[in-house]
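Chain naming here is simple, since letters A, B, ... match the order of the sequence lines and numbering starts at 1 in each. No experiment lies behind these values; they were computed from the predicted model shown.
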Amino acid sequence: MSNTLQDIPKTYDPKNTEDKWYKHWVDNGFFRSIPDEREPYTIVIPPPNVTGVLHMGHMLNNTIQDVLIRMKRMQGYNACWVPGTDHASIATEAKVVALLKEQGIKKTDLSREDFLKHAWTWKEKYGGIILKQLEKLGASCDWERTRFTMEDDLSEAVIDVFIDLYNKGYIYRGVRMVNWDPQGLTAVSDEEVIHKEVNSKLYYCNYPLFDKDEEVTTDTITNKLKTGNCITIATVRPETILGDTAVCVHPDDERYKNLKGKFALIPFVNRKVPIIFDDYITMEFGTGALKVTPAHDINDYNLGVKHGLEVIDTIAADGKMSEAAKFYIGEDRFTVRKKIAKDLEEAGYILKVEDYKNKVGYSERTDAVIEPKLSMQWFLKMDTISKPALDAVLNGEVKLIPEKFINTYKHWMENVHDWCISRQLWWGQQIPAWYDDKGNFVVAKTKTEAEAKFKIQNSSFNIQNLKQDEDVLDTWFSSWLWPISVFDGFKDPDNKDINYYYPTNDLITAPEILFFWVARMLIAGYEYRGKKPFSNVYLTGIVRDKQGRKMSKQLGNSPDPIDLMAKYSADGVRVGMLLSSPAGNDLLFDESYCEQGRNFANKVWNAFRLIKGWEVEPQSQPLSLGEGGSIEWFENRFNQALEEINDHYSKYRMSDALMGTYKLVWDDFCAWYLEMIKPEFGKPISKTVYDATLNFFERILKVMHPWMPFITEEIWHLIAERNEKDCIIISKWPEVKSYSESFLIRFNEFEQTVMSIRNIRASKNISPKEVLTLSIKQSENDADIEFNQLIQKLCNISSISYVSDNVDNATSFLINGVEFFIPLNDKIDVAAEREKLKTEIEYNRGFLESVEAKLSNQNFVSRAKPEIIANEQKKKSDAESKIKLLEEQLAGLN
RNA sequence: GGGAGCUUAGCUCAGCUGGUUCAGAGCAUCUGCCUUACAAGCAGAGGGUCACUGGUUCGAACCCAGUAGUUCCCACCA
């Protein structure tokens with residue numbers, strides 16, 4: 001191995017290596033997992049939206065998964081990471097609709113079958129993008145296991161589960177007020193509504209009061225408005241006035257007690273509606289009078305049910321005014337809000353308008369303002385079925401990391417609402433309910449089975465024209481089965497895969513979908529396997545920008561991960577993502593983290609260049625003391641560090657594990673070890689040292705591999721001749737061997753010595769090239785002889801001598817009770833040395849005083865633990881002897 | 001409106017059983033170096049009233065109470 005330093009570029013170039021090694025790993029089947037006698041370690045990917053592209057959240061999420069998978073693979077587990085995608089009904093359907101629109105095709109002009117054809121074409125074209133992007137990141141998924149939530153087997157599982165839950169009585173159908181997305185044209189679940197605070201206007205509007213039989217004319221209205229014979233309501237949604245069917249006040253409200261039996265007149269439509277009394281009303285809010293619109297507000301709906309009010313649905317599914325509104329028909333609700341406010345004003349109805357902050361629900365998927373709407377939907381009863389999933393988290397069978405999410409989870413699960421599972425979309429699993437022309441229905445897997453069921457129920461039903469429910473199921477109704485369905489646990493409940501891999505080990509996901517997905521997977525797991533789907537749930541944070549804003553397309557504050565990887569290398573970005581992201585904490589992302597990652601890769605690359613560049617002595621030579629000490633130290637230090645790193649991993653402290661690795665490599669290996677053993681320029685290195693170093697380097701690369709898979713694989717193959725199957729990805733994780741604490745302590749003293757000498761050079765402007773000597777006030781026998789050579793080497797010290805008296809014209813320092821002197825001759829600044837010593841003495845006296853105060857406190861001595869007291873006593877004597885030495889030095893200075 | 005969390009160096013965060021890992025790390029900053037692996041680097045240095053107030057304790061960043069700020073979750077006040 002000759003000097004090839006010139007041939008190796010000074011900076012690591014990831015461009016070729018990343019694709020090369022990824023392909024190599026795949027070609028050799030290193031990601032593949034099939035059941036065998038080893039213990040499995042399994043992760044199912046949170047399936048990204050099939051039409052999605054990689055964003056920073058995915059990067060964080062998948063990097064963590066890959067780090068865990070790679071580490072466990074190296075530790076000898078049968079590591080299996082199952083990839084796949086989610087069909088994401090609303091999002092995908094919206095994208096397909098938009099694309100068709102560009103082509104001039106309206107969804108409503110297409111049959112369901114034709115629309116689905118377009119959707120599948122779209123899926124085939126764009127569906128793989130995100131998974132391809134994950135390859136760039138280095139994700140070591142078992143691609144042969146790639147699943148899709150809408151593929152035949154998984155869809156069948158969804159349908160079977162629906163039928164099963166229906167038969168168990170958990171699923172029911174009913175008219176309810178649901179969250180309607182007027183853009184997606186579908187109902188969404190409560191969890192898919194995001195409440196945001198917005199600036200609104202609160203309109204105070206007069207409704208003229210009438211008696212039951214009093215005639216309504218233009219004149220009477222004008223008159224009543226003028227004289228104030230009105231009741232004033234306050235609303236932020238004047239466009240819903242047309243659908244009002246009552247005005248509600250509190251029964252105890254003195255202002256309105258005289259209104260019993262009276263009626264209010266709705267503007268424009270001139271409908272008389274009753275004044276009703278209900279203690280739901282907050283008297284203090286607005287005027288204490290509430291307009292009631294049962295069709296467009298959940299509270300009003302409840303009031304309507306209670307008081308038997310008429311329901312007038314004035315807003316159509318697309319958010320435009322319906323025929324029933326009578327005015328503004330076909331115009332958008334927000335346009336109408338402005339228009340009607342103006343018209344009411346002109347007609348004299350408006351009393352005043354105030355600025356007002358309120359919360360408005362937005363659709364998670366389309367960001368459209370949610371419209372509460374009455375409709376027929378399917379629901380899953382959650383109370384009983386969710387019980388085991390709650391218990392599992394509370395009793396620790398399933399761990400949430402970090403634990404702080406247990407409270408949130410508990411609160412949600414104890415107050416869980418029934419789950420609206422139907423969606424008015426086509427892209428998804430169509431609900432297996434079949435209707436006859438009178439609206440009777442049965443739930444059955446196929447039309448034939450449905451017909452049979454109808455026959456059994458009542459032969460008089462017309463089964464000629466059975467029609468399947470138009471709606472599809474919520475996407476989460478398929479993804480909640482994911483940990484089971486990816487192993488075909490529904491299709492074939494006793495197959496080898498499901499028995500081997502289920503329950504999986506870790507789930508890595510975002511806290512945002514704790515309820516959407518995690519809770520529901522737990523529910524499905526217990527319901528269908530009688531077992532948890534996973535043991536640990538690692539909840540990542542949200543990736544935010546430097547200002548703390550969530551990264552999003554709309555804000556344009558999210559870098560493209562692919563660009564980032566091109567700029568900083570995949571390894572660099574992986575490290576960057578994890579440098580500061582403890583579990584559950586949001587990650588304030590900054591490109592400088594990736595830069596740090598890239599720099600780290602470069603550091604390792606240069607360590608490789610150094611080692612690779614050495615000329616090795618052909619024969620083994622006996623080790624020098626310094627060489628022997630260096631090797632012994634790094635062996636000890638490596639095991640100590642690895643023990644810590646393993647511990648961090650076991651507690652899912654990912655950034656700590658990474659930082660431990662970072663420091664082991666950068667500080668211990670590069671900054672200390674390599675400098676200690678580095679041969680003089682132009683001289684060869686001892687073969688023994690070289691072999692030991694190579695061995696250390698290989699172990700270090702292994703520990704780095706989960707974080708930086710590409711560069712470690714590249715170097716692994718460059719530092720030694722290897723069979724192409726001998727890859728670091730499948731190499732064995734180093735074992736922790738016992739190490740000597742006392743040796744490491746002695747090394748630490750050596751480190752302090754070196755740093756003190758360097759400090760002296762820096763503070764006194766002594767060039768590193770200038771040779772110095774060192775005297776140690778100690779008897780020679782006690783010395784750490786193996787380190788002396790290293791002190792000489794690292795500090796450019798020509799000789800070390802042992803003395804019994806203080807050295808004149810020297811600067812000094814003290815380490816663990818031992819005095820060190822560096823003669824400076826004419827360079828010595830006696831006054832400065834004196835000052836330095838005085839400050840040090842003063843500091844130590846202060847310290848001593850505080851310790852003595854403690855020890856003379858009777859309460860402390862009588863109550864503190866003996867070892868604490870012994871420790872204080874040691875501190876005291878150490879400080880005393882230190883002060884004595886410093887004082888002697890001061891006295892000897894002249 | 002209810003609940004949970006957070007507040008430690010300029011930034012991002014550790015700090016696990018209250019006391020030798022107790023005031024830490026990385027980055028950033030400052031000073032000096034193009035030293036023969038690496039300026040994407042080396043060496044050195046300076047940064048903190050542990051949010052505030054009180055309590056418990058021989059002893060508090062850590063336990064308790066309150067206050068302020070902040071984030072998140074849940075919830076049907078127009």
Side-chain angles (χ1 to χ4, degrees), chain A residues 5 8 10-12 177 190 195 202-203 233-237 240 248 280-282 284-293 297-303 356 358-359 372 402 404-412 415 511-512 514-515 542 546 548 568 572 579-582 584-590 592-593 595-596 598-614 651 653 655-656 658-660 662-663 666 670-671 674-675 678 680-682 755 758-763 765 767-769 796 854 857-865 867-869 871-872 874-875:
Chain A
L5 210 48
I8 311 170
K10 270 172 108 165
T11 49
Y12 166 61
M177 184 66 90
D190 291 345
H195 294 276
L202 190 59
Y203 299 89
I233 56 90
T235 181
V236 289
R237 299 200 57 193
T240 62
C248 189
Y280 158 75
I281 296 297
T282 314
E284 293 73 34
F285 187 88
T287 60
L290 169 74
K291 69 190 249 339
V292 185
T293 325
D297 185 282
I298 179 71
N299 309 301
D300 295 13
Y301 174 71
N302 292 335
L303 275 174
Y356 184 66
N358 65 332
K359 288 209 172 163
K404 67 177 177 186
F405 287 105
I406 294 174
N407 281 329
T408 325
Y409 180 85
K410 177 169 179 270
H411 186 255
W412 190 80
N415 299 285
E512 313 166 273
L514 186 60
F515 309 132
I542 295 165
K546 270 223 126 178
Y568 297 105
L579 268 172
S580 183
S581 68
N585 273 27
D586 288 358
L587 171 68
L588 293 185
F589 182 78
D590 187 328
S592 65
Y593 287 122
E595 201 177 320
Q596 196 181 346
R598 178 201 60 183
N599 293 354
F600 186 38
N602 200 47
K603 185 72 188 174
V604 182
W605 181 253
N606 277 290
F608 154 68
R609 285 179 70 226
L610 176 68
I611 294 168
K612 182 79 179 170
W614 282 332
K651 292 171 179 146
R653 294 200 290 242
S655 38
D656 288 344
L658 174 57
M659 191 44 69
Y662 182 90
K663 286 199 265 194
W666 199 307
C670 294
L674 288 179
E675 292 301 327
K678 195 153 106 178
E680 274 179 61
F681 180 63
M755 286 193 285
R758 283 172 177 169
N759 185 343
I760 286 164
R761 281 190 187 273
S763 62
N765 265 322
S767 157
K769 285 173 189 147
N796 196 15
K854 216 179 210 182
N857 180 341
Q858 272 312 307
N859 281 323
F860 173 73
V861 180
S862 58
R863 300 196 193 200
K865 280 183 248 165
E867 58 266 34
I868 301 293
I869 296 169
N871 202 356
E872 291 299 316
K874 184 174 184 299
K875 275 191 202 168

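- The listed nucleotides are B:G19, B:U36, B:C74; the one nearest the side chain of A:Phe681 is B:U36.
- Across every strand in view, B:A43 sits in a pair with B:U31 that passes the Watson-Crick or G-U test at under 3.5 angstrom.
- Comparing the same atom, P, in B:C38 and in B:U31 gives a spacing of 24 Å after rounding to whole Å.
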Checklist entry - Could you go step by step and tell me if A:Val604 and A:Tyr12 meet the side chain to side chain contact (heavy atoms under 4.5 Å, CB included) rule? => result CA-CA 9 Å; A:Val604 182; A:Tyr12 166 61; over 6 Å; no

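- In this structure, A:Leu587 places its CG atom 14 Å from C1' of B:C27, rounding to the nearest Å.
- Comparing the C1' positions of B:C62 and B:G19 gives an interatomic distance of 12 Å, to the nearest angstrom.
- Residue A:Arg758 places at least one side-chain N or O closer than 4.0 Å to OP1 or OP2 of B:G44.
- Atom P of B:A65 sits at a distance of 43 Å from the matching atom of B:U29, rounded to the whole Å.
- Across all strands shown, B:A78 has no partner, as no Watson-Crick or G-U wobble contact with both distances under 3.5 Å is found.
- Residue A:Ile868 is in base contact, counting any heavy-atom pair closer than 4.0 Å across all strands shown.
- Along RNA chain B, the nucleotide nearest to A:Ala762 and the one nearest to A:Lys663 differ in position, and the one closer to the 5' end is contacted by A:Lys663.
- Candidate nucleotides B:A25, B:G44, B:G5 were compared by shortest atom distance to the side chain of A:Lys404, and B:G5 ranks first.
- Within 4.0 Å (heavy atoms only), A:Thr282 reaches at least one base atom of the nucleic acid.
- A heavy-atom distance below 4.5 Å is found between the side chains of A:Leu303 and A:Leu290.
- Taking atom C1' in both B:U17 and B:G1, the straight-line distance is 39 Å, to the nearest Å.
- Put simply, A:Tyr662 has a side-chain N or O that comes within less than 4.0 Å of OP1 or OP2 on B:C27.
- In this structure, A:Cys248 reaches neither bases nor backbone, as no heavy-atom distance under 4.0 Å exists between it and the strands shown.
- Base orientation of B:G47: syn, the glycosidic angle falling within 90° of 0.
- In this structure, A:Phe515 and A:Trp412 have parallel ring planes: the angle between them is below the 30° cut-off, well short of the 60° mark.
- You'll find that the side chain of A:Asn871 is closest to B:U20, out of B:U20, B:A37, B:C74.
- Applying the 4.0 Å criterion to OP1 and OP2 of B:C42, one finds that A:Trp666 has a side-chain N or O inside that range.
- Within 4.0 Å (heavy atoms only), A:Tyr593 reaches sugar-phosphate atoms of the nucleic acid but no base atom.
- When side chains are defined from C-beta on, A:Trp605 counts as touching A:Ile8, because their heavy atoms get closer than 4.5 Å.
- Listed nucleotides B:C27, B:C76, B:A78 differ in distance to A:Val236; the shortest reach to its side chain belongs to B:A78.
- Checking the phosphate oxygens (OP1, OP2) of B:C38, no side-chain nitrogen or oxygen of A:Tyr12 falls inside 4.0 Å.
- The separation of B:A28 from B:G41, taken at their P atoms, amounts to 8 Å, rounded to a whole angstrom.
- A gap of 32 Å separates the P atoms of B:G2 and B:A9, to the nearest Å.
- Nearest to the side chain of A:Asp656, among B:A78, B:A14, B:G19, sits B:A14.
- Across all strands, A:Lys875 comes closer than 4.0 Å to base atoms (heavy-atom distances).
- Contact annotation for A:Tyr203: no contact, since no heavy-atom pair falls under 4.0 Å across all strands.
- Remark: B:C63 base-pairs with B:G55. Criterion, Watson-Crick or G-U wobble with two distances under 3.5 Å.
- Base orientation at B:U20 is syn, since its O4'-C1' glycosidic dihedral falls within 90° of 0.
- Here the C1' atom of nucleotide B:A40 and the OH atom of A:Tyr568 are 11 Å apart, to the nearest Å.
- Distances from the side chain of A:Phe285 to the nucleotides B:U12, B:C77, B:C38 place B:C77 closest.
- Between the NE2 atom of A:His411 and the C1' atom of B:A75 there is a distance of 8 Å, rounded to whole Å.
- Under 4.0 angstrom from either OP1 or OP2 of B:A45 there lies at least one side-chain N or O belonging to A:Asn759.
- Regarding contacts with the backbone of B:A37, every side-chain N or O of A:Lys603 stays at 4.0 angstrom or more from both OP1 and OP2.
- Partner assigned to B:A4 is B:U71, using Watson-Crick or G-U wobble distances below 3.5 angstrom.
- For the pair A:Asn599 and B:G41, the criterion of a side-chain N or O lying under 4.0 Å from OP1 or OP2 is met.
- The side chain of A:Lys10 contributes an N or O atom lying less than 4.0 Å from OP1 or OP2 of B:A39.
- Here the separation of B:U20 from B:A60, taken at their P atoms, is 12 Å to the nearest Å.
- At a threshold of 4.5 Å between non-hydrogen side-chain atoms, the residues A:Met177 and A:Asn302 do not count as touching.
- Between A:Asn302 atom CG and B:A75 atom P there is a gap of 14 Å when expressed in whole angstrom units.
- Spacing of C1' atoms, B:C52 relative to B:U8, comes out at 14 Å, to the nearest Å.
- Base contact: A:Glu675 has a heavy atom under 4.0 Å from a base atom.
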Checklist entry - Should A:Arg761 and A:Arg758 be marked as a side chain to side chain contact (heavy atoms under 4.5 Å, CB included) after you check the CA-CA gap, both sets of side-chain angles, and the distance that decides it? => result CA-CA 5 Å; A:Arg761 281 190 187 273; A:Arg758 283 172 177 169; 5.5 Å; no

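- Residue A:Leu674 places its side chain closer to B:A37 than to any other of B:A14, B:G26, B:A37.
- Side-chain N or O atoms of A:Asp297 include none that pairs as donor or acceptor with a backbone N or O of A:Pro372 at under 3.5 Å.
- A:Phe515 comes within contact range of the sugar-phosphate backbone alone, with a heavy-atom separation under 4.0 Å but no base atom that close.
- Taken to the nearest 0.5 Å, the CG atom of A:Asn358 stands 8.5 Å off from the CG atom of A:Leu202.
- Counting any heavy atom pair closer than 4.0 Å across all strands shown, A:Arg653 reaches a base atom.
- For B:U36, there is no paired base (Watson-Crick or G-U wobble, both distances below 3.5 Å).
- A:Lys678 comes within contact range of at least one nucleobase, with a heavy-atom separation under 4.0 Å.
- By the 4.5 Å heavy-atom criterion applied to side chains, A:Arg609 and A:Lys612 are not counted as neighbours.
- A:Leu588 places its CG atom 11 Å from the C1' atom of B:U71, with the value rounded to the nearest Å.
- Comparing A:Tyr280 and A:Asn606 along RNA chain B, the residue whose closest nucleotide (by nearest heavy atom) sits nearer the 5' end is A:Asn606.
- In this structure, A:Thr282 contributes its side chain and A:Glu284 its backbone to no donor-acceptor pair below 3.5 Å.
- When the nucleotides B:C38, B:C77, B:U36 are ranked by their closest atom to the side chain of A:Arg609, B:C38 comes out on top.
- Base pairing of B:A14: no nucleotide in any strand meets the Watson-Crick or G-U wobble criterion (both distances under 3.5 Å).
- Note on A:Lys410: nothing from the nucleic acid sits closer than 4.0 angstrom, heavy atoms only.
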